[in-house]
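These numbers come from the heavy atoms of this one structure, side chains and all, not from hydrogens, waters or symmetry mates. Bear in mind the structure is a predicted one, so any value in this text is a computation, not a measurement.
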Amino acid sequence: MPMRSTCRSIQPASAPTNIARRPKKDSEDQAIGRSRGGLTTKIHAIVDALGNPVALSLTPGQAADITQAVTLLDQVEPEAFLADKGYDSDALIETLQERGITPIIPSKANRREARKTDFALYRERNLVERFFNKLKQYRALATRYDKLANTFLAAVALICVLFWLN
C-alpha cells in the first residue's frame, strides 16, 4: 500500500490590505529619483572663486539642473554665473541680467543664434567640478547611506564645513 503525503503552508488570517498597510510615504522628503543609473540624488551647488561651497540643494536624480538655479542664486550675490550648457535658457539669462549678474553660459548646439561666451572666464568652472570630486571622496556621500533628504543634506553640509576649514 503506497503512502501519500502532502504539505501545505497555512497562513494566518490577516486584516484586509487597505486597512493593514500604512499609506506610502511621499518621496518628496527623500529626494531620490530614477535616472539611467538607477535611484539617484543630484546635489546642486554654487561655489565661490576659491571653490568653497556657498549654496547647496538636493533634487531627485531625474530633475533637470536648471530647476534649482534661481533658488540657489537667491542665496548669493555673485558678479558672474558660470554654468554648463544645461543652464542655457532665455528665462534664466534674463533673470541674471535683471539682477546685474554676468551669465557665462555656452550656447546649446540647437540654439538658433549663439550667444558670445567669455571662454577664458568659463575655464574657471572647473572649480565646481573639483568641488564635486572632493565631495565624492567621502564614501557615505558617494553611496548615499542616508534615507531622508534633510539628513543627507546635513552630511553634505558637514563635509562642506571641512572644506571651508582647510
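Taking hydrophobic clusters as Ile, Leu, Val, Met, Phe, Trp and Tyr residues chained together by side-chain heavy-atom distances below 4.5 Å, Phe81 shares a cluster with Val70. The hydrophobic clustering, which links ILVMFWY residues whose side-chain heavy atoms are closer than 4.5 Å, places Leu153 and Phe131 together. Under the 4.5 Å side-chain contact rule for hydrophobic residues, Leu58 and Ile66 do not share a cluster. Note: the hydrophobic cluster containing Phe119 also contains Leu82 (ILVMFWY, side chain heavy atoms under 4.5 Å, direct or indirect links). Neither Val54 nor Leu127 shares a network with the other; the hydrophobic side chains, linked directly or stepwise wherever heavy atoms of I, L, V, M, F, W or Y lie under 4.5 Å apart, form separate groups for each.
For the pair Trp164 (side chain) and Ile159 (backbone), a donor-acceptor distance under 3.5 Å is absent. At distances below 3.5 Å, not a single donor-acceptor pair connects side-chain atoms of Asp146 with backbone N or O atoms of Leu148. Of the possible polar contacts, none joining the Arg139 side chain to the Arg144 backbone as a donor-acceptor pair under 3.5 Å is found. In terms of modelled atom types and a separation under 3.5 Å, the side chain of Asn126 and the main chain of Glu129 share no donor-acceptor contact. Distance alone, capped at 3.5 Å, places no donor-acceptor pair between the Arg99 side chain and the Ile101 backbone.
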Q. Given the rule in the side chain to side chain contact (heavy atoms under 4.5 Å, CB included) test, do Gln97 and Leu92 qualify, once you have shown the distances and angles that lead to the verdict?
A. CA-CA 9 Å; Gln97 289 172 343; Leu92 177 62; over 6 Å; no
Q: Check the pair Arg115 / Ile105 against side chain to side chain contact (heavy atoms under 4.5 Å, CB included), numbers first and verdict last.
A: CA-CA 9 Å; Arg115 277 188 338 277; Ile105 304 170; 3.6 Å; yes
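In this structure, the separation between CG on Leu56 and CD1 on Ile43 is 8.0 Å, given to the nearest 0.5 Å. Distance CZ/Arg130 to NZ/Lys134: 7.5 Å, rounded to 0.5 Å. Rounded to the nearest 0.5 Å, atoms CD1 (Ile93) and OG1 (Thr102) are 12.0 Å apart. Considering OG1 of Thr95 and CG of Leu73, their distance stands at 9.0 Å, rounded to 0.5 Å. Note that CG of Leu162 and CG of Leu135 are 10.5 Å apart. Values are rounded to the nearest 0.5 Å. One distance of note links CD1 of Ile104 with OH of Tyr87; it measures 15.5 Å at 0.5 Å rounding.
Counting all heavy atoms, side chain and backbone alike, Ser57 lies closest to Gln68 at OG-OE1, 2.6 Å. Between Ala45 and Leu72, the closest heavy-atom pair is N-CD1, 4.1 Å. When all heavy atoms of Ser107 and Asp88 are compared, the closest pair comes out as CA-OD2, 3.4 Å. Listed here is the closest heavy atom pair of Pro106 and Ala83: CD-O, 3.4 Å.
For Lys85 and Asp65, the salt-bridge test fails: no basic side-chain N is under 4.0 Å from an acidic carboxylate O. Using a 4.0 Å cut-off between charged nitrogen and carboxylate oxygen, Asp84 and Lys108 do not count as a salt-bridge pair.
Ring geometry, Tyr138 versus Phe163: the interplanar angle falls from 30° to 60°, so the pair is classed tilted.
Other residues, nucleotides and ligands place no more than 12 heavy atoms under 6.0 Å from the CZ atom of Arg123.
Two residues are said to be in side-chain contact when any heavy atoms from C-beta on lie closer than 4.5 Å; Thr143 and Lys136 fail this criterion.
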